[in-house]
Engineer: 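I have a structure I would like to understand better, so I am pasting it below and will then ask my questions one at a time.
FYI, the numbering just counts along the sequence from 1. The shown structure was predicted, so the numbers you read here are calculated from the model rather than taken from an experiment.
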Amino acid sequence: MSVSQNEGKQSTATISIGGKTAEMPVLSGKLGPDVIDIRKLPAELGVFTFDPGYGETASCNSKITFIDGDKGVLLHRGYPIAQLAENASYEEVIYLLLNGELPNKAQYDTFSSTLTNHTLLHEQIRNFFNGFRRDAHPMAILCGTVGALSAFYPDASDIAIPENRELAAMRLIAKIPTIAAWAYKYTQGDAFIYPRNDLNYAENFLSMMFARMSEPYKVNPVLARAMNRILILHADHEQNASTSTVRLAGSTGANPFACIAAGIAALWGPAHGGANEAVLKMLAHIGKKENIPSFIAQVKDKNSGVKLMGFGHRVYKNFDPRAKIMQQTCHEVLKELGIKDDPLLDLAVELENIALSDDYFVQRKLYPNVDFYSGIILKAMGIPTSMFTVLFAVARTTGWVSQWKEMIEEPGQRISRPRQLYLGATERDFVAFDKR
């Protein structure tokens, strides 16, 4: 294959197979590497491409999120993630991802009010929770209940109507914190706490999680700021497994609530949404500070099979741009809560210091990532590990909905239909056994 560019014309890639040659367009985005448009490859050369996991394949056009893993860059609609996490509210980021621009004051007030008015759940949805065992995983409750919302809002199925898409987007983003918090309360045997119109998105989630019917609840501003940052830092992350799942399901024209439930199911996998939980399991395995040197030695031994969880990232080959903000937030939360002698958190701080100064990790650019710090923060805030992925889903719903909406509104949008490299048996005749 060769790539050429004629003066004044689009670049093309020349592909030769079995004596046949075809030219494929090379497309350029605003940022990132060029891509070869191979849609005519089967028709012209009779072959498909092979890319397990789609790691080297651009599956769509998008204007929402851009990642440069080599440089440690994450942009939402062009804005660096650090600037948004430091300066924006989660409501502003929701508006940005959905609409492409940050809101002005009037737009923000209207949008926030609309979002708040959709936080309540239909009272009959309370009955859904009673169908789950008390020890059910909160992700199971979240996945099932979000999918069931389609039964309460059948108008969302007509996605050809723009107003229906807008309404479904607002309902999903507004209601998922309520469902998530109620899932937690249900597993604890506590009374459900309803959303409050006087609180913002992050504050409301904390209130529904930790308030009790028997006493007033005042939101800690440091914890609310931390939750706001956690939500922003997890809002979207380009075409990852769960987002691709939402797009795949959405390409069939499925109800948006079902599409987001599919994304939740994909996020549930430990290889995707469970990384921060894996960090705490690793710390529990280490046990105490004295065991860190031997643990680090095992990590360096390729034959040990021991992994350092929460360090490095599949996408970011430099540093995770979200980690610095999360690190700062982590220390703010620990200071606010006066946590100084929690063995697990002490272990995390010590492990962080060693990894940041050890040449083995520095040379390999194995810096702490967002999952390392978020697990510590959530534990310090009193959120159980079973809720970590649920909280991830609450934040990521904004990205899923934005990606779904962008896909549906794309001209010429078509159903997703991957191909395969078949390695099974060739055609053969069926021979029945003697049934006598």
Engineer: Quick check: closest heavy atoms across Ala249 and Ala254, and the distance to 0.1 Å?
Structural biologist: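 The pair with the smallest heavy-atom distance is O-CB, 3.7 Å.
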Engineer: Going through the checks in order, is the side chain to side chain donor-acceptor pair (under 3.5 Å) test met by Asn197 and Thr116?
Structural biologist: CA-CA 6 Å; Asn197 289 355; Thr116 298; 5.5 Å; no
Engineer: So, Arg171 side chain and Leu167 main chain: donor-acceptor pair closer than 3.5 Å or not?
Structural biologist: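 No: the side chain of Arg171 does not pair with the backbone of Leu167.
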Engineer: If every non-hydrogen atom of Ala88 is compared with every non-hydrogen atom of Ile232, which pair is closest and at what distance?
Structural biologist: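 In terms of heavy atoms, the two residues are closest at O-CD1, 3.4 Å.
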Engineer: Using side chain to side chain contact (heavy atoms under 4.5 Å, CB included), reason through Leu423 and Leu421 one step at a time and then give a plain yes or no.
Structural biologist: CA-CA 6 Å; Leu423 299 175; Leu421 177 64; 4.3 Å; yes
Engineer: With rounding to the nearest 0.5 angstrom, report the CG to NZ distance, Leu334 to Lys379.
Structural biologist: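 Taking CG in Leu334 and NZ in Lys379, the distance rounds to 10.0 Å.
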Engineer: Determine, step by step, whether Thr178 and Trp182 satisfy the side chain to side chain contact (heavy atoms under 4.5 Å, CB included) criterion, reporting the C-alpha distance in whole Å, the side-chain angles of both residues, the deciding distance to 0.1 Å, and the verdict.
Structural biologist: CA-CA 6 Å; Thr178 309; Trp182 284 16; 3.9 Å; yes
Engineer: Side chains of Tyr186 and Ile141: closer than 4.5 Å at any heavy-atom pair?
Structural biologist: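 Answer yes - side chains close enough.
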Engineer: Main chain of Ile286, side chain of Asn291: is a donor-acceptor contact present, judged purely on distance under 3.5 Å?
Structural biologist: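 Looks like yes, one N/O pair under 3.5 Å.
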Engineer: Could you tell me the separation between the CG atom of Leu280 and the CE atom of Met309, rounded to the nearest 0.5 Å?
Structural biologist: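 If I round to the nearest 0.5 Å, the distance is 11.0 Å.
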Engineer: Does His331 have more than 12 heavy atoms from other residues, nucleotides or ligands lying within 6.0 Å of its NE2?
Structural biologist: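 Yes, because the 6.0 Å sphere around NE2 of His331 holds more than 12 heavy atoms from other groups.
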Engineer: Within a radius of less than 6.0 Å around CZ of Arg212, do more than 12 heavy atoms belonging to other residues, nucleotides or ligands occur?
Structural biologist: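 For Arg212, atom CZ is not crowded (no more than 12 foreign heavy atoms under 6.0 Å).
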Engineer: Rounded at 0.5 Å granularity, tell me how far CD in Glu406 sits from CG in Leu98.
Structural biologist: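 It comes to 11.0 Å.
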Engineer: Looking at Phe132, is Arg134 sitting on its ring face, NZ or CZ under 6.0 Å from the six-membered ring centre and within 45 degrees of the normal?
Structural biologist: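 No - Arg134 does not lie over the ring of Phe132 by the 6.0 Å and 45° rule.
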Engineer: Decide yes or no on side chain to side chain donor-acceptor pair (under 3.5 Å) for His272 and Ser242, but give the supporting numbers first.
Structural biologist: CA-CA 8 Å; His272 188 8; Ser242 57; 2.9 Å; yes
Engineer: Would Asn255 and Ser157 count as having a side-chain donor-acceptor pair, cut-off 3.5 Å?
Structural biologist: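 Side-chain D/A pair, Asn255 to Ser157: present.
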Engineer: Kindly determine whether Tyr373 and Glu352 satisfy side chain to side chain donor-acceptor pair (under 3.5 Å), including the steps that lead there.
Structural biologist: CA-CA 10 Å; Tyr373 295 111; Glu352 173 194 10; 2.7 Å; yes
Engineer: For Asp320 and Tyr367, run side chain to side chain contact (heavy atoms under 4.5 Å, CB included): C-alpha distance rounded to whole Å, both residues' side-chain angles, the deciding distance at 0.1 Å, then the answer.
Structural biologist: CA-CA 8 Å; Asp320 184 339; Tyr367 304 113; over 6 Å; no
Engineer: Answer yes or no: is there a donor N or O on one side and an acceptor on the other, between the side chain of Asp37 and the main chain of Arg39, under 3.5 Å?
Structural biologist: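 Indeed, once roles are kept as given, a pair shorter than 3.5 Å links the two residues.
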Engineer: Between Thr57 and Ser59, is there a donor-acceptor pair closer than 3.5 Å when you use the side chain of the first and the backbone of the second?
Structural biologist: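 Judged by distance alone, no pair lies under 3.5 Å.
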Engineer: Kindly say whether Ser89 contributes a backbone atom to a donor-acceptor pair with the side chain of Glu92 at under 3.5 angstrom?
Structural biologist: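 Present.
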Engineer: Any side-chain heavy-atom pair from Leu223 and Leu337 closer than 4.5 angstrom?
Structural biologist: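 Side chain of Leu223 against side chain of Leu337, heavy atoms only: contact under 4.5 Å found.
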Engineer: Less than 6.0 Å separating the ring centroids of Phe311 and Phe372?
Structural biologist: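 Yes, ring centres under 6.0 Å apart.
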Engineer: Do Asp135 and Thr187 have side chains that get closer than 4.5 Å, going by heavy atoms?
Structural biologist: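 A side-chain contact is absent here, since even the closest heavy-atom pair is not under 4.5 Å.
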Engineer: In this structure, is the centre-to-centre distance between the rings of Phe129 and Phe192 below 6.0 Å?
Structural biologist: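 Yes, close enough.
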Engineer: Checking Arg247 against Trp404: charged group under 6.0 Å from the ring centre and within 45 degrees of the axis?
Structural biologist: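 Geometry flag: not set, cation outside 6.0 Å or 45°.
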Engineer: Could you measure the distance from the CD atom of Glu410 to the NZ atom of Lys63? Nearest 0.5 Å is fine.
Structural biologist: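 One gets 8.0 Å once the value is rounded to the nearest 0.5 Å.
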Engineer: More than 12 heavy atoms of other residues, nucleotides or ligands under 6.0 Å from CD of Glu101: is that the case?
Structural biologist: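 Counting other residues, nucleotides and ligands, CD of Glu101 stays at 12 neighbours or fewer.
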Engineer: Taking salt bridge (Lys or Arg N to Asp or Glu O under 4.0 Å) as the criterion, tell me which of Arg322, Arg225, Lys324, Arg229 meets it with Glu86.
Structural biologist: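 So the option named by the test is Arg229.
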Engineer: Side chains of Ile230 and Leu378: does their closest heavy-atom pair fall under 4.5 Å?
Structural biologist: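 Contact flag for Ile230/Leu378 side chains = yes.
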Engineer: Using side chain to side chain donor-acceptor pair (under 3.5 Å) as the criterion, point out the one residue from Asn200, Thr398, Asn228 that pairs with Tyr90.
Structural biologist: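 It is Thr398; the other options fail the test.
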Engineer: Nearest 0.5 Å please: distance from the CD1 atom of Ile354 over to the NZ atom of Lys289.
Structural biologist: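 Rounded to the nearest 0.5 Å, the CD1-NZ separation comes to 9.5 Å.
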Engineer: Check whether any side-chain heavy atom of Glu238 lies under 4.5 Å from a side-chain heavy atom of Ile64, and answer yes or no.
Structural biologist: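 A side-chain contact is absent here, since even the closest heavy-atom pair is not under 4.5 Å.
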Engineer: When you measure from the side chain of Asn87 to the backbone of Gln83, do you find a donor-acceptor pair of N or O atoms at a distance under 3.5 Å?
Structural biologist: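 Between the backbone of Gln83 and the side chain of Asn87 there is a qualifying donor-acceptor contact (under 3.5 Å).
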Engineer: Do you know the tightest heavy-atom contact between Ala393 and Ile264?
Structural biologist: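 So the minimum-distance heavy-atom pair works out to CB-CG1, 4.5 Å.
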Engineer: Would you please classify the geometry between the His122 ring and the Phe152 ring as parallel, tilted or perpendicular, with 30° and 60° separating the classes?
Structural biologist: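 Phe152 vs His122 ring planes: tilted.
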Engineer: Can Tyr201 and Glu91 be counted as having a side-chain donor-acceptor contact under 3.5 angstrom?
Structural biologist: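 The criterion, which ignores hydrogens and geometry beyond distance, is not satisfied for Glu91 and Tyr201.
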Engineer: Any sub-3.5 Å donor-acceptor pair from Ser251's side-chain atoms to Leu248's backbone N or O?
Structural biologist: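 It does hold such a pair.
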Engineer: What are the two closest non-hydrogen atoms of Ala191 and Lys185, and how far apart are they?
Structural biologist: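 Looking at all heavy atoms of both residues, the shortest contact is O-CD, 3.7 Å.
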Engineer: Hey, would you say the Trp268 and Phe392 ring centroids sit under 6.0 Å apart?
Structural biologist: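 Centroid distance Trp268-Phe392: not below 6.0 Å, so no.
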Engineer: Counting C-beta onward and ignoring hydrogens, is there a side-chain heavy-atom pair between Tyr79 and Val93 closer than 4.5 Å?
Structural biologist: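 Side-chain contact under 4.5 Å: no.
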Engineer: If we ignore angles and hydrogens, is there a donor and acceptor under 3.5 Å between the side chains of Gln239 and Gln403?
Structural biologist: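 A pair is found: one side chain offers a donor N or O, the other an acceptor, under 3.5 Å apart.
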Engineer: Compare every heavy atom of Arg196 with every heavy atom of Tyr217, then report the nearest pair and how far apart it is.
Structural biologist: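 Where Tyr217 meets Arg196 most closely, the heavy atoms are O-NH1, 3.5 Å.
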Engineer: Please evaluate residues Ile15 and Leu41 with respect to the criterion side chain to side chain contact (heavy atoms under 4.5 Å, CB included), reporting the C-alpha separation (whole Å), side-chain torsions for both, the decisive distance (0.1 Å), and the verdict.
Structural biologist: CA-CA 9 Å; Ile15 303 176; Leu41 194 61; 4.1 Å; yes
Engineer: Can you see whether Thr243 engages Asn240 through a side-chain donor-acceptor pair at a distance of less than 3.5 angstrom?
Structural biologist: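 Yes, side-chain donor-acceptor contact under 3.5 Å.
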Engineer: Would you give the length of the straight line joining atom CG of Leu149 to atom NZ of Lys175, rounded to the nearest 0.5 angstrom?
Structural biologist: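 Here the rounded value is 7.5 Å.
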Engineer: Taking all heavy atoms of Phe388 and all of Gly375, pick out the closest pair and write down the distance.
Structural biologist: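 Minimum heavy-atom contact is CZ-O, 3.7 Å.
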Engineer: How about Tyr95 and Thr110: do any of their side-chain heavy atoms sit closer than 4.5 Å?
Structural biologist: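 A side-chain contact under 4.5 Å is absent here.
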Engineer: Is the backbone N or O of Glu56 less than 3.5 Å from a side-chain atom of Asp51, with the two atoms forming a donor-acceptor pair by type?
Structural biologist: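 Between the backbone of Glu56 and the side chain of Asp51 there is a qualifying donor-acceptor contact (under 3.5 Å).
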Engineer: Taking atom NZ as the centre, does Lys300 end up with more than 12 heavy-atom neighbours from other residues, nucleotides or ligands that are less than 6.0 angstrom away?
Structural biologist: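 Above 12, so yes.
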Engineer: Would a 4.5 Å heavy-atom cut-off, applied to side chains only, mark Leu75 and Leu31 as touching?
Structural biologist: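 In contact.
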